[in-house]
Amino acid sequence: MTIGLEGDALVTPTVAAIDVAAERARTVGASGRHYFNAAGASLMSDAVLDAMIGHLRLEQRSGGYEAANLMVDEVAGVYTAAAALLGGTPGEFAFFDSATSGLRAVFDSLRLGAGDTVIAPRSSYISQALRMLAMKRYDGVDLVVVPNGATGAMDLDALESALAAASGRVVISAVHIPTSSGLVEPVAAICALGRKHGAITVVDATQSVGQLDIDVLALGCDALVTTGRKFLRGPRGTGFAYLRNGVLDGLGGWAPDVRGSVWTGAEEWTMDGSARQLETWEASVAARLGLGVALREAAERGMAATESHLVGYAAGLRDDLAAIDGVVVADPVASPSAIVTFTIDGLVSKQVSAALRLARVDSISVPAGHAQWDLGARGLASVVRVSPHVYNDDEDRDALLGRVSEIAAEVTAR
Ligand SMILES: Cc1ncc(COP(=O)(O)O)c(C=O)c1O
């Protein structure tokens, strides 16, 4: 949501309210449970599921290739829907089966080697952190992990110093929102510093797409990678990347595939200059069409409205959880996102999640092993993570808070 100054007054644009009842009506999983795991995999709408089942039936009747041919326009529409939601052009999007495969493809195609530098935040996700550590160990890439400032977000002065000292080609592996807390990193400022120092910035937006109002052009990133199943409410097995036109120019291409390459002679080939060069031919067309529906539903609902609603709902949860005896909210100060993390004194997070599940409240325990540079560095073995979406109502909130209060009271009474 963009907040601007008009005259002397701070103007917050009015955003439409979210129709929670309508979202629940089109989300079968919203009834019967209190589902707070959008940051794991959120609940799909009926239309997302229908699009997938419809295509699977078409494949069963017509054959997989023939079904895809019948749906060429619809598949192209998924690229258009991604650009409509996030900015950029359809040709700047490539689709994968997860955020991790997207990040791998982007980083592999950047071809970093000995003497080059990757700069990373403490909020890095396990798969990307281990990938960068492997690049350091096996390829001689210099890896710099930037410290946090007082708010828990990346220290921008430290980033600037790291950029100034970096050698070779420099890539910032930025994170928008981590797996391990509600932190929102200052990605626009990170990208701006990257540009100033001639670095390429790749943003891991796995937890922010579908949750925050994002415009890749306003962020100023070179690439942005996300998954379909989390706040976007798409199906599992989907992910995609925005790759600014020209970012890979001169790098020669990586892992050419029939999807984005032409084999022109015995030892010759050409590659599609667009983001498509990162894709593989084989993919689940059904899942991709489901993702297209989720992208359009997010845009129709409105991302400014969604962001404002989710951030507000989560802020209420954080306040109410903090007021319960024995509960410690674990989010850093810079946490205006819809991921809420906490611990209960005397219990490990897995026990808390299991106890919540008995009351049909779905949360998840995030172990330090998923975020060593964050949770590990903060001395937290694990945290309970709750992540609401637009289908969560007041009853869900009351069920969560009521059960957490009971669990905390049971520990105190021991
Ligand atoms: C911040 C962040 N980045 C990347 C990933 C990996 O996403 P995927 O499982 O789609 O590869 C996750 C998954 O939880 C994540 O939270």
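All ligand and atom numbering here is 1-based and tracks the order in the structure.
One N or O on the side chain of Thr280 and one on the backbone of Glu282 form a donor-acceptor pair closer than 3.5 Å. Remark: side-chain polar atoms of Thr226 are paired, donor with acceptor, to backbone N or O of Ala205 under 3.5 angstrom.
Here Thr179 pairs with Arg385 under the side-chain hydrogen bond (donor to acceptor under 3.5 Å, both in side chains) rule; sequence neighbours left out.
Each of His370, Gln372, Arg378 was evaluated against Asp374; a single residue qualifies, Arg378, per the side chain to side chain donor-acceptor pair (under 3.5 Å) test.
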Side-chain atoms of residues 340-347: list all donor-acceptor pairs with protein atoms under 3.5 Å, sequence neighbours left out, distances to 0.1 Å.
{"unit_1": "Thr341", "atom_1": "OG1", "unit_2": "Asp331", "atom_2": "N", "d": "3.4"}
{"unit_1": "Thr341", "atom_1": "OG1", "unit_2": "Asp331", "atom_2": "OD1", "d": "2.6"}

Extract all donor-acceptor atom pairs below 3.5 Å that involve side chains of residues 240-252 and protein atoms in other chains or at least two apart in sequence.
{"unit_1": "Arg244", "atom_1": "NE", "unit_2": "Asp222", "atom_2": "OD1", "d": "3.1"}
{"unit_1": "Arg244", "atom_1": "NH2", "unit_2": "Asp222", "atom_2": "OD1", "d": "2.7"}

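Near ligand 1, residues Ser98, Ala99, Thr100, Tyr125, Ile177, Thr179, Asp204, Thr206, Gln207, Thr227, Arg229, Lys230 each place a heavy atom inside the 4.0 Å sphere around the ligand atoms.
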